Novice: 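Just dropping this structure here.
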Amino acid sequence: MSHLDNIPSTPGKFKMEKSPYINRLRFHSSLAKLTFWSFVFLGLILIFFFRSPSSNPLPSDPSRRSLRTSSWGGPAWEKRVRSSARVRARNGISVLVTGAAGFVGTHVSAALKRRGDGVLGLDNFNDYYDPSLKRARQALLERSGIFIVEGDINDVALLKKLFEVVAFTHVMHLAAQAGVRYAMENPGSYVHSNIAGFVNLLEVCKSANPQPAIVWASSSSVYGLNTKVPFSEKDRTDQPASLYAATKKAGEEIAHTYNHIYGLSLTGLRFFTVYGPWGRPDMAYFFFTKDILKGKSITIFEAANHGTVARDFTYIDDIVKGCLASLDTAEKSTGSGGKKKGSAQLRVFNLGNTSPVPVSDLVSILERHLKVKAKKNIMKLPRNGDVPFTHANISSAQRELGYKPTTDLQTGLKKFVRWYLSYYSGGKKASG
Ligand SMILES: O=C(O)[C@H]1O[C@H](OP(=O)(O)OP(=O)(O)OC[C@H]2O[C@@H](n3ccc(=O)[nH]c3=O)[C@H](O)[C@@H]2O)[C@H](O)[C@@H](O)[C@H]1O
């Protein structure tokens, strides 16, 4: 037997230290001690890690590319949370904005703060796209006094803590796994954020006292293979073409359930291809801009029989107005102590621009603004979850919210290009 065989392999076995054999193995004792203390140290690290309040109590999807969340809690942290959520305007509201470092989240948070509402952000800063853009948006919001808590909507303990510290009147729920085509690559991340995360959030909201009113991001993609145009909220939404769409549709059904059982006031907003400054790099208008400037060829999808693929592109400022109007017209939730006391508001609105534009026209506008000709590669629309066209009927949002989009694609893209050039040529400095 080699003397290595006598070295205990677990701390339990290390109790053998008291055995008489140990005298014969004295030359091993220092090595054994080292091993013992290594195990103790490792054990302490593991205990600390698993008991840390920021660790996720629910099973997480290993395929999700979210980054480790930083720690939260403590008096200084609570003070920052309270101060960020403090309402400064008369009749203002206090809003928890999930996905606050995201594209729409950043714009909505800034607009609420400008009006004097209290805003607290929550974001997990995952790396679905360049997290440095999310950090730049965070820096922008920080300058206007908005604190973004770093954490995941699946972290029940964190959500409960936030509602303990602040009695939010509203939740603007924008945290989600976005992107239609990425759902084929990483389906688990859609289930994790758009379904499990949404349910976690609703669970915490239903038990909160008072219950907040919730406005959340659904998607135009729920219309899926619907061919009746323009898309109205009354049209069928039972033919999703992508898993992304299916999870957003599931969200609408989940919203119905929580409204029905717990009296939560819920408003779902079906956003139609939102674009603008500080946008998402995974979206076509954004990466077309990047590739055109680099001289790389871009792929433009076309429908069957050389048909055009078109989108009802909607400018971010119009979407922000729709979000704020939804918050302002949201009625209070009716439940308390996790029990429904009466019927509560349940709404779904299209927030689109009502004028679909072919993707080829989007490219022509970009070429004009960038003063660079694109290298185009035309390709048949792949079976990747994309639908050939979207077109919103917004009469319901117009009537109930006073929603009226005012920015056409030409004007909106001009603002986007101006931002893009200054952001990427100015050393990625966060500028307004
Ligand atoms: O309204 C929504 O609910 C969704 O809007 C957005 O999805 P989409 O409308 O698909 O936007 P986006 O990817 O920019 O493609 C735009 C157009 O370019 C075409 N497209 C795309 C890629 C490409 O290489 N070539 C191309 O022609 C493509 O076929 C399409 O016609 C959000 O990403 C999504 O998160 C969700 O919010």
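Predicted, not measured: the structure shown is a model, and the values here were computed from it. For the single chain, residues carry numbers from 1 onward in sequence order. Atoms within a ligand are numbered from 1 in the order they appear, just like the ligands themselves.
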Novice: Answer yes when Arg80 and Glu142 have at least one side-chain N-carboxylate O distance shorter than 4.0 Å, and no when they do not.
Specialist: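 A salt bridge links Arg80 with Glu142.
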
Novice: Apply ring pair (Phe, Tyr, Trp, His ring centres under 6.0 Å) to the pair Tyr182 and Tyr244, showing each step before the final yes or no.
Specialist: CA-CA 8 Å; Tyr182 180 64; Tyr244 168 71; over 10 Å; no

Novice: Going by ring pair (Phe, Tyr, Trp, His ring centres under 6.0 Å), Tyr315 matches just one of Phe271, Phe272, Tyr275. Which one?
Specialist: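 Output: one option passes, namely Tyr275.
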
Novice: Tell me which residues fall inside the under-4.0 Å heavy-atom shell around ligand 1.
Specialist: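 Residues near ligand 1: Ala178, Gly179, Val180, Arg181, Ser219, Ser220, Ser221, Tyr244, Phe271, Phe272, Thr273, Arg280, Met283, Ala284, Phe287, Phe288, Thr299, Ile300, Phe301, Val309, Arg311, Val359, Leu381, Asp386.
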
Novice: Under 3.5 Å, is there a donor-acceptor pair between the Tyr128 and Asp282 side chains?
Specialist: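 Yes, because at least one side-chain N or O of Tyr128 sits under 3.5 Å from a partner of the opposite role on Asp282.
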
Novice: Using 4.0 Å as the upper bound for N to carboxylate O, is an ion pair formed by Glu253 and Lys249?
Specialist: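 So Lys249 pairs with Glu253 through a salt bridge.
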
Novice: Does the ring of Tyr285 carry Arg311 above it, NZ/CZ under 6.0 angstrom from centre and within 45° of its axis?
Specialist: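 No, a cation-pi geometry is absent between Arg311 and Tyr285.
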
